[in-house]
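One structure is given here, and the rest of the page talks about it.
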4 protein chains.
Amino acid sequence: MKAVVKTHEMGAGAEWRDVPIADVTPGDILVKVEKAAICGSDKDRYRWEPSMGNPNFTSPIIIGHEMAGRVVEVGPGVTRTKAGDLIAVETHIPCGTCIQCMMGDQHICHNLKVLGLNRDGCFSEYVTLPQACAIPLPKGVTSEQGALLEPMGIAYHALSKVKVAGNSVLVVGCGPIGLMAAQLAKILGASCVIAVGKYPFQREMAKSLGATLVITSDPGEVKTAVQDATDGYGVGAALEMTGSVPGVGIAFECMRKGGELVLIGFPKPMTFDFQTSLVRKELKVHGQHGRRMYETWADLLALLKAGIIDPAQYVTSDVPLEEFDKAFELAGREGQIKIVLTPVS
Amino acid sequence: MKAVVKTHEMGAGAEWRDVPIADVTPGDILVKVEKAAICGSDKDRYRWEPSMGNPNFTSPIIIGHEMAGRVVEVGPGVTRTKAGDLIAVETHIPCGTCIQCMMGDQHICHNLKVLGLNRDGCFSEYVTLPQACAIPLPKGVTSEQGALLEPMGIAYHALSKVKVAGNSVLVVGCGPIGLMAAQLAKILGASCVIAVGKYPFQREMAKSLGATLVITSDPGEVKTAVQDATDGYGVGAALEMTGSVPGVGIAFECMRKGGELVLIGFPKPMTFDFQTSLVRKELKVHGQHGRRMYETWADLLALLKAGIIDPAQYVTSDVPLEEFDKAFELAGREGQIKIVLTPVS
Amino acid sequence: MKAVVKTHEMGAGAEWRDVPIADVTPGDILVKVEKAAICGSDKDRYRWEPSMGNPNFTSPIIIGHEMAGRVVEVGPGVTRTKAGDLIAVETHIPCGTCIQCMMGDQHICHNLKVLGLNRDGCFSEYVTLPQACAIPLPKGVTSEQGALLEPMGIAYHALSKVKVAGNSVLVVGCGPIGLMAAQLAKILGASCVIAVGKYPFQREMAKSLGATLVITSDPGEVKTAVQDATDGYGVGAALEMTGSVPGVGIAFECMRKGGELVLIGFPKPMTFDFQTSLVRKELKVHGQHGRRMYETWADLLALLKAGIIDPAQYVTSDVPLEEFDKAFELAGREGQIKIVLTPVS
Amino acid sequence: MKAVVKTHEMGAGAEWRDVPIADVTPGDILVKVEKAAICGSDKDRYRWEPSMGNPNFTSPIIIGHEMAGRVVEVGPGVTRTKAGDLIAVETHIPCGTCIQCMMGDQHICHNLKVLGLNRDGCFSEYVTLPQACAIPLPKGVTSEQGALLEPMGIAYHALSKVKVAGNSVLVVGCGPIGLMAAQLAKILGASCVIAVGKYPFQREMAKSLGATLVITSDPGEVKTAVQDATDGYGVGAALEMTGSVPGVGIAFECMRKGGELVLIGFPKPMTFDFQTSLVRKELKVHGQHGRRMYETWADLLALLKAGIIDPAQYVTSDVPLEEFDKAFELAGREGQIKIVLTPVS
């Protein structure tokens, strides 16, 4: 089959290679990829950026982890799915036995493996996966919608960590996950959603998705807007989704006492004053990595089946998989939110 | 009456002055102080140390906030207590109407006033208090025990923020509140309590209070001990009680993925890597300020009445109030945990 | 002033009497009633029905407890409000010192007093209240909206006890609080809201408020509809708001394993099988009495200010207070949801 | 191999039969039983009592589900354990894909299978199990301790549903699980543990395990003792472990407002007044079935490794498996708590 392969030696870019389809061993499944989507971390790996632990990936590797596809074959002992099922894919592969797996936190398994990082991912015609990664999709859900559930799950999981109902929620950063979070915060009953977006099209999109207030990323403007919108208290909940030092700074500064803050991105080391920013305010701060396996999926599928969300609305381009170079170029451009890749065979 | 008074002009030290007893206005109570205790923040104010917001206090002011005493008189509208009651005292005075007070978080009120900081405290023969500060003590509880419940409440509130039952708990710092936390963690069913103490007498005390393991504050030793005690995972919960940069550093480093960390002290600004220390581990970090009003008090009183805790065991010296200079000198010395002051009249 | 007074001797009905305005003692406030509303429990008292503990009320008493009005005078020690404020009113008067009040559950105080039951209520021109009952209303909120927040708070508090986001929610009973619950469940992100209503106008109203599905109160129909809507699992959350034996029965029968059920009404004693209905399903069942003081109010005010809810939309008639007999006759009639009473002076 | 087999035709009793060892299919493991223990539900099946759904079991079946043993062989795709491991066994077999399994509640799976009820259990020399049932035991844990973790997990899971720390906890019923609950409540920091036991040896045992107060099962005595021990409020938490109508009655009657109650047994249908027993008190009532997979196991193993609990202390007799008739006769006799069965081969 054809696949987008990356090695340490490559530097920027990736290669369109012929590779064998892996054998289906016990507990694994073989899936024909219908739609894949580009994540920010894929871009980092493609462009060889120093963040996201590039040196840590196993090489050569097929990159990509957001996808939906049709199960072609299942190995012995597989019970979660069967041939013919349309499935979405969970990126994280837990060991099932470490302390976090025992406590129900498989997504942060001590021995976590990640598709497209430690095991071949999905920018290819076929992919073999452990059955734990399979999320069968209900009738009526398309593979495009299914492929987008993984990133939307990050936004949903972030919101599940804080009180949303009747609360003021600040979303710092209007990349794909920030936009999804702004929409979901509104859907889950936030009284006020304040979205901070760098680019005009992001702010317009956030507004159209239901944000109460959209602001540029100027820290002074954000602080003033938050103070005005919250009677001077600050917000009760914030989601930091830029992964940048200024983003983290403004998020902490905008919190009211007793507020809850979720950090999703990967900021560089920074100077931080725990005393004034965290302790005296008695904040609760949540780091986040991935999604719950599988509460997040269950909730999103329920909202999707009910027509309350449509992840496909975030797709701005659909590119043949073979043209992945073009797709990576598109990703992050003004006006683009999510780029979908379609294997043509 | 006689009182320990501090002004901005004084620099280090405080004065033993004659001051009038304040009038008992509606909603207030007048209390005869039986036992007061010295908190680390009192030492900071006495010694005029730059932390703890010394410049912010209202001056001149009677310092001190940990105490128990007998209610002498109650103003109109008081329903929480009556003359003759022995009460312990909550340090925090909430406004009752801000968003935090509405949400049940009075202890982090937006308009919080603090005894001994913005309103005359208790290092004096009498003190007037808003009735919200009064915690009536059940029969059989002594004023010495009552005076110690306020700091013990900080330790208890910290533990109430994390899963203790069956969990490994790291307590960084064996000052009074650290020691209390180590004891309480054991009482609440931690499977393993690891206490980090700078001084030998602190470590001995922690051990005798039930800590499973006591370690010096050397970061390398702490990390090794935690790894050994937790099968290499790190702890599930940690309480940082030194308020120091190295203390915060070692606490984060010892956490397992998905762990919960409470920060109680006031560290200086420091370099912090949110990515590796918080986000990738999906940690939950709680800042803490004070105690719940009044869940913390209710629980501690229940444990005290049942004979499961005895706050008086932390008292290492009892000094006449007039000799407060000597008491402040004692505070923090090797072998000393809590110093109690007794007004002699 | 004029007031609607009830005594034990009266049997059905109540009297329009001249009564003195009570003195404003410390901690109390005097309020001019602008809008009051009729609760089901008022009807029970008016009609002298055996439920709702009629024999327990203090007599003679002014009935009524849902209201908003203008503060005219405040007694010594009052800090929550001031003369001139428009306030809504919390019905429950906590003691502030019992174990529930200590634990933050003032609304279920051990020594609870209730407006219109143990202390004169609000079907009158003026009412004196303990300051704990005062909920200052933000600018722009009308007294009609304010008066309806108390019953809406029951619906909101019920929903706050269960997982709503992405969940299937069954609301049994489309009286005023049931309708409010159906609307709020949708606002808070339920994926599917199934409302059971006896009367066609209730079902139409539920539908227009956002219910996904509306069903008659026939148990067989309800069960079939729930099975169909939930892939045969049953609902994840249910609110029983009829207070009837069949209502409780159908609610339990429609639950999936692990579901959460809130009971708000007052059913008669009934035969119940804990084994099959509760234990084997590992259900969580919540009794409910009133609203949180004051989390419920804070959240509803935030949603109201944001224009997400408008409690006034539930008002179907506004009757001069003097015509209370006519108002009670209207209450519960087809097409009527909430009846508001306006003192004319 | 030899096994204790039961069929529908048998009525009371069971047979000691030769049966083939099942093949080890993908995902399954073969375990040599070292210690098994008798559960109350085994007695019901043995004695053919109408409760516990006897008609529902698959017949013929090997009964028994509490056990520890050595893994002999693992099928393809098994990752949770390997040959040579000493494991304890979880009784419940989840499907992994239903809504409860998705939400992290595998133990109440919609398609749950139960060892010894729908699939051959462990009163035999060998047993094959799905790998999901395997709980590897840390070094130093004996098979006797391991076999007792399953029932102890019921007690622990019950306590994890309520606030234990600083709370008053009533345990109704001093059978094996009730005794375990009384001990664990104390270990987890309850301020007061009140144990209700029918027999003197149960009450003595409860006392020696740390119960603050032990009472006979006379409802009047229980109520008086609870009132006295809780300043007239009632308990904050209760565990009903008799599965009897009077047990449920007294548990509800002893609750304070806002309390939490867990029902673990299987009472017959009874008359119940939701209004006074549940709604007006705003109680939270939890049905319970089994244990968390695998949080309960993780916590208990941590407490066991730390030497805080020793499940083996509940074993009062160890009988060769072949003498199961004698063992069933012993079970429930005065002085007996848990009976262990040992296959001799």
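Letters A, B, ... are given to chains in the order of the sequence lines, protein chains preceding strands, and every chain is numbered from 1.
- Contact annotation for V248(C): only side-chain heavy atoms (C-beta onward) come within less than 4.5 Å of a heavy atom of chain D.
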Does the pair I250(D) and V172(D) meet the rule for a side chain to side chain contact (heavy atoms under 4.5 Å, CB included), with working shown?
CA-CA 8 Å; I250(D) 193 64; V172(D) 183; 4.0 Å; yes

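- Of the atoms belonging to K281(D), it is backbone heavy atoms, and not side-chain ones, that fall under 4.5 Å from chain C.
- Contact count versus chain C (heavy atoms, under 4.5 Å) is highest, among D105(D), L263(D), L278(D), I99(D), for I99(D).
- H107(D) and Q288(D) form no side-chain donor-acceptor contact under 3.5 Å, judged by distance and modelled atom types alone.
- Among K284(C), Q100(C), K161(C), the residue making the largest number of heavy-atom pairs under 4.5 Å with chain D is Q100(C).
- Interface check for chain C: of the options G236(D), G290(D), C98(D), G232(D), the most heavy-atom pairs under 4.5 Å are formed by C98(D).
- Y233(D) and H110(C) have perpendicular rings, their planes meeting at more than 60° on a 0 to 90° scale where under 30° would count as parallel.
- Distance alone, capped at 3.5 Å, is enough to place a donor-acceptor pair between the T212(D) side chain and the V193(D) backbone.
- Residue contact with chain D, scored on non-hydrogen atoms closer than 4.5 Å, involves the backbone and the side chain of K257(C) alike.
- In this structure, E260(D) does not pair ionically with K163(D), as no charged nitrogen and carboxylate oxygen lie closer than 4.0 Å.
- Using a 4.5 Å cut-off between heavy atoms, C109(C) contacts chain D through its backbone alone, with no side-chain atom that close.
- Both the backbone and the side chain of I108(C) come within less than 4.5 Å of a heavy atom of chain D.
- In the model, D273(C) has a side-chain atom that pairs as donor or acceptor with a side-chain atom of T276(C) under 3.5 Å.
- Residue L261(D): no heavy atom, backbone or side chain, is found under 4.5 Å from chain C.
- Ranked by heavy-atom pairs under 4.5 Å with chain C, the list S277(D), P267(D), G258(D) is led by P267(D).
- No close placement of the F274(C) and F252(C) rings is indicated, their centers lying 6.0 Å or farther apart.
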